[in-house]
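In what follows, residues are counted from 1 in the order of the sequence shown. As a basis for the values below, the full set of heavy atoms in this structure was taken, side chains included, without hydrogen atoms, waters or symmetry mates. Just so we're clear, the structure is a prediction, and the values are computed from it rather than from any experiment.
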Amino acid sequence: SRRRAQVAMSNITVTVKWGKQKLEAVPLQLDAPVIEFKAVLQSLTGVPAERQKIMGVKGGLPKDDATWEGLGVKQGQALMLMGTAEKVPEPPPDAPVFMEDLPPEERAKPSDNPAGLSNLGNTCYLNSSIQCLRMIPEVATALQNFAGSSAGGSSGVLFAMRELVTELERSRAVEEVRPFKFVGAFRSAFPMFAQQAEGGRGFMQQDAEECWSTLVTLLAQNLKLASGGERSDLPPSQPTLPHMEMLKSNLGDELFGIELRCKYKCLEGDEEPYTARESVRKLSCHITDKTAHLYNAVEGALTETIEKKSHTLDREAQYEKKCELLRLPPYMVVQFVRFAWRKDTAKRAKILRPISFPDVLDVRNLCAPELQACIAQHNNKLEAEAEAKAEAAKAAKAEAEGTKPDAQTDASMDVDAAPAAAPAAPAAAGEENDDDADDASEDAEWIDEADPPCRCNRMRAAPVISSAASSFCLRALRSRTALTRSHRAHAMRDACMRRAWLCSSSTARRTAK
């Protein structure tokens, strides 16, 4: 009865005025954050939570993570809501037709859509993990080539996973797949995922990240990468991966393994900093109020403050841990840790902050210098191959048309054949113009001396019309906020080659005159 009384005291009703409307008896939970009440208002008014401004409480506009109890809201208090509701989208001209509503002959037609898995009672966490793993070709190949030593235990789970992946590939979204055998084998091998809810209401919901880590560990303990038709069973001895110290030659480490070089510095004493190598199969990024992009989340995961035993102080101490990537895996797993402990409410709370991410994530600035050099060498090789293919295609097209390639274009790329020009004096400070028309003017343009030095760093451009590519390179050199260091390096290299030819051509014309 005391518990019921406490719950009743924490639940009140308030009046919310929104424009000309007046919402009576809106439920409000005092120990809940403001963001939950905004979700209730969004369902009643259609105003998105991020646009809502709630007025009528002391201290100004309440923050999303604040609790109403701390804001002093009372029973029946009047609040004011400011915000514009979203426009209700118009219904589609053609009503959508779902797969379940189609006749059997239509559902039997092949489809390019991936197959789905039935939810067998709070198994969505397991279904999502399986769907992610089956999209990795190396995992599917290793499962097909796995022989196993027994039909039970971990081997039984892998056999059931192989049958499930094969059935998903064969079904091709004609009908959903019911993974009874795999779910039973998985719960038998890992009883922590077979916990029952109170009152016999079925199985409990589990965490998808814990399920993913369990499956990846299972793959790492039993499988290796298989080439051709060889067996993928993991041998008793596992050698380390090339140039690595912590990662082994198994399926989990080869596909997802990340090796780090971490530097530890004690913040509470004069202990000498030391460096150690560590390995992980995922990067756990703790979301904060400053995290807005995937790159920031990964960057923050590599720098943190931890507490560990100090041999010098002979007690627990605070350490600053800074890591850099020594190996980038074929598939890098990033986990957003969205649950945090709130001291004011003494409860776990979920952080609902949206995180943006690009289609291609560039983490070269987070890698160790030796890994950056390997990536640069590989990129140069790819660029050379792309240029060779482009030249071959251009030559084939010119041969088919019966014409010769543009001599001037070919000469513009031949830097070594052009005579060197003497460097001139620097231009006046602030003399920059990004328009294409100004690139063709008589004013001199300069490469910023803050960029890395090269042999054309102080070479003056000749007063001739430059191409669009050269103009882009010149503008890219000044756009430090838009391009990374590597992009600026490539742009400056192209610009230097262009300037070298322009200067030599100008010198040759003046000599001829």
Are the side chain of [X] and the backbone N or O of [Y] linked by a donor-acceptor pair below 3.5 Å?
X	Y	result
W18	G83	yes
Q77	K74	yes
N122	F203	yes
T123	L120	yes
Q335	K282	no
Q131	A115	yes
T303	G300	no
E268	Q318	yes
T141	E138	no

Among S118, C211, P179, C132, the one residue meeting side-chain contact (heavy atoms from CB on, under 4.5 Å) with N127: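 The option that passes is P179.
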Identified side-chain contact (heavy atoms from CB on, under 4.5 Å) counterpart of M82 within the set M55, R51, Q52: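 With M82 as partner, side-chain contact (heavy atoms from CB on, under 4.5 Å) holds for just one option, M55.
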Separation between CG of L219 and CG of L251, rounded to the nearest 0.5 Å: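 It is 5.5 Å, given to the nearest 0.5 Å.
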Any Lys/Arg nitrogen of [X] or [Y] sitting under 4.0 Å from an Asp/Glu carboxylate oxygen of the other?
X	Y	result
D65	R342	no
R134	E169	yes
E36	K38	no
E278	K321	yes
R261	E370	yes

Donor-acceptor pair between T291 and T288 side chains, under 3.5 angstrom: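 On atom types as modelled, these side chains qualify, holding a pair under 3.5 Å.
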Flag if over 12 foreign heavy atoms under 6.0 Å of NZ, K308: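 Atom NZ in K308 is crowded, with more than 12 foreign heavy atoms closer than 6.0 Å.
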Min side-chain heavy-atom separation L283-M332 under 4.5 Å: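 The answer is yes; the side chains approach within 4.5 Å.
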Close side-chain approach of F256 to V280, heavy-atom, < 4.5 Å: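 The answer is no; the side chains never approach within 4.5 Å.
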Partner set under ring-ring contact (aromatic ring centres under 6.0 Å, His included) for F190, not counting sequence neighbours: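 Result, ring-ring contact (aromatic ring centres under 6.0 Å, His included) vs F190: F186.
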Distance under 6.0 Å and angle within 45° of ring axis: R348 vs F339: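 R348 over F339 ring: yes.
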Y319 and Y264 aromatic ring geometry - parallel, tilted or perpendicular at 30°/60° bounds: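 Taking Y319 first and then Y264, their aromatic rings stand perpendicular (interplane angle over 60°).
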